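This report concerns only the one structure given below.
If you're wondering where the values come from, they're calculated on a predicted model, not measured in any experiment. Here, residue 1 is the first one in the sequence, and each next residue gets the next number.
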Amino acid sequence: KASTGWKWYASYYKKSIHAYYVNKYALGALAIGDHAKNDFIKWGIHKNKIEILPYSFNDLQDYPPDKQILDFKKGRKVFLFVGRLSFLKGTDLLIKAFHEKFYKNPEWCLVLVGNQKDKTNYQDLIDQLSLTDQILLRGVIPAQKISSAYKACDIFILPSRYDGWGMVVNEALYYNKPIIVSNAVGASGHLVKNSHNGFIFRVNDVHDITEKMSEYKNEDLILQHSSHSEAIFENYNSDTLAINLEKKKKKWLDENEDIN
């Protein structure tokens, strides 16, 4: 984890031991993204020893759009969240941000796909904000059928307070969705290009979330950002990353040969 809270410091000795052995004996270290790379550097791993190898896949099983979501949206534009409904994932921030800019807007709704993982009753929050007709707690959709959620929605949003990577961002990219993510999501600096295929907002900042969400009231922007996602996904699918890994391995071996 890249944030240096007390738990990070409590385990620093163990991290520094790992760093020592990586620096002395390993060809290199693979980090899932820039956040993890920065964390490795704080451990003490030499910067030139670290390469990036993100989480990836090549394709998803294809299913028709989810009927429950389609029945709820009734022709409206849909923001989609997929993941655990929890404080860490920023579920509360998303509900409040939606309320701030889209309350009683007949053209927009929000769908939350996933199971609840903390004590907060998000349905109560939705009811208190009078958003029952605009926010759907869809529940869990099995992983093999998750394509049905993306195909029923228009814009993907992941407001996590912390997320090591966020494979759901890869999934949204695969289905050519515009993407809004917090800068605490590991995938943010790799899979989302600001104002190109989505937006990155400041973590914990409800106002910034609402501003980014409001950008998509311009329907042309939805189409424009959607059109850029496919090319980005191609650079981050498993086949491409496997080729990159071979190049990184060769680089490490060549450097090791030079030292010896």
Chi angles and distances behind the side-chain contact (heavy atoms from CB on, under 4.5 Å) call for Lys77, Glu219 = CA-CA 9 Å; Lys77 295 291 182 189; Glu219 288 194 31; 3.7 Å; yes
With a 6.0 Å cut-off on ring centres, are [X] and [Y] close enough?
X	Y	answer
His18	Phe40	no
Trp165	His35	no
Phe233	Phe57	yes

Take Val82 and Phe156, measure what side-chain contact (heavy atoms from CB on, under 4.5 Å) needs, and give me the verdict at the end.
-> CA-CA 8 Å; Val82 177; Phe156 178 77; 4.1 Å; yes
Flag this pair as yes if the NZ/CZ of Arg84 is under 6.0 angstrom from the six-membered ring centre of Phe87 and inside a 45 degree cone about the axis; otherwise no.
->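 That pair does not qualify as a cation-pi contact.
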Tyr150 vs Tyr175 aromatic rings, parallel, tilted or perpendicular, using cut-offs 30° and 60°?
-> parallel
His228 vs His225 aromatic rings, parallel, tilted or perpendicular, using cut-offs 30° and 60°?
-> tilted
Decide whether [X] and [Y] meet the rule of one side-chain donor and one side-chain acceptor closer than 3.5 Å.
X	Y	result
Tyr216	Asp220	no
Lys151	Ser147	no
Arg202	Asn183	no
Glu215	Asn218	no
Ser160	Ser182	no

